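In what follows, a single structure is set out as structure tokens and then discussed.
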Amino acid sequence: QLQLVESGGGLVQPGGSLRLSCAASGFTLDKRVIGWFRQAPGKEREGVSCISRRGDTIYQPPVEGRFTISRDNAKSTLYLQMDNLQSDDTAVYYCNAANTGTTTSIIMGTYWGQGTQVTVST
């Protein structure tokens with residue numbers, strides 16, 4: 001059974017950093033598109049970044065240059081390094097896996113983790 005478990009969220013001041021982790025089980029991490037979505041209060045869930053089977057990365061403009069997605073296939077773990085965090089980054093962050101291994105945009109797959117809260121505030 002495919003499972004995704006996020007961790008690493010928390011409270012951080014503006015300009016600070018956090019690294020999110022997503023532990024995957026039940027599938028091979030580098031065979032699927034896997035990525036991060038977020039949902040702020042009162043807003044729709046939106047894509048943040050994803051990585052394809054061959055390692056191509058895609059970022060939404062608001063986070064490009066500040067966030068870095070990566071994966072460790074041996075640990076079956078996806079990461080999101082978030083630097084220079086701003087208040088607009090406050091949201092619940094979700095790990096997501098698709099049934100395909102290739103993409104040219106951030107796609108919303110079938111499988112979700114439970115989410116981890118990121119709060120950027122003074």
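Just so you know, these numbers use all the heavy atoms, side chains as well, and skip hydrogens, waters and symmetry mates. Since this is a predicted model, take the numbers as computed values, not measurements.
When all heavy atoms are compared, the tightest approach of L85 to R66 is CA-NH1, 3.9 Å. Residues I51 and R71 come closest through the heavy atom pair CG1-NH1, 3.9 Å. In terms of heavy-atom proximity, T104 sits nearest to I58 at C-CD1, 3.5 Å. When all heavy atoms are compared, the tightest approach of P62 to R38 is CB-NH2, 4.3 Å. Looking at every heavy atom in both residues, S17 comes nearest to D83 through OG-OD1, 2.8 Å. Scanning both residues, K43 and Q39, for their nearest heavy atoms gives O-NE2, 3.1 Å.
At a threshold of 4.5 Å between non-hydrogen side-chain atoms, the residues T102 and S52 do not count as touching. Side-chain atoms of W36 and C95, non-hydrogen and from C-beta on, do get closer than 4.5 Å to each other.
Judged by distance alone, the side chain of E46 and the main-chain N or O of E44 form no donor-acceptor pair under 3.5 Å. Looking at T90, its side chain does come within 3.5 Å of a backbone N or O of V120 through a donor-acceptor pair. Side-chain N or O atoms of N84 include none that pairs as donor or acceptor with a backbone N or O of G16 at under 3.5 Å. Remark: side-chain polar atoms of N96 are not paired, donor with acceptor, to backbone N or O of M108 under 3.5 angstrom. A donor-acceptor pair is defined here as one N or O able to donate and one able to accept, closer than 3.5 Å; such a pair exists between the side chain of E6 and the backbone of G115.
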Original post:
What's the verdict on side-chain contact (heavy atoms from CB on, under 4.5 Å) for S121 and L11, showing C-alpha distance, side-chain angles and the deciding distance?
Top reply: CA-CA 7 Å; S121 175; L11 173 64; 4.2 Å; yes

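Linking ILVMFWY residues whenever their side-chain heavy atoms come closer than 4.5 Å, directly or via other members, places M82 and Y59 in the same cluster. The hydrophobic clustering, which links ILVMFWY residues whose side-chain heavy atoms are closer than 4.5 Å, places Y93 and I106 apart. When hydrophobic clusters are built by joining Ile, Leu, Val, Met, Phe, Trp and Tyr residues whose side-chain heavy atoms come closer than 4.5 Å, directly or via intermediates, F67 is grouped together with V12. There is a path of hydrophobic side-chain contacts, each under 4.5 Å, that joins L2 to L78. Each of I107 and L80 belongs to its own hydrophobic cluster when Ile, Leu, Val, Met, Phe, Trp and Tyr are linked at side-chain heavy-atom distances under 4.5 angstrom.
Considering OH of Y79 and CG of D72, their distance stands at 5.0 Å, rounded to 0.5 Å. Annotation: the span from L4 atom CG to Q114 atom CD amounts to 9.0 Å, rounded to 0.5 Å.
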Give every donor-acceptor pair under 3.5 Å between a side-chain atom in residues 18-35 and any protein atom, sequence neighbours left out.
residue, atom, partner, partner atom, Å
D30, OD2, N73, ND2, 3.4
R32, NH1, A98, O, 3.0
R32, NH1, N99, OD1, 2.8

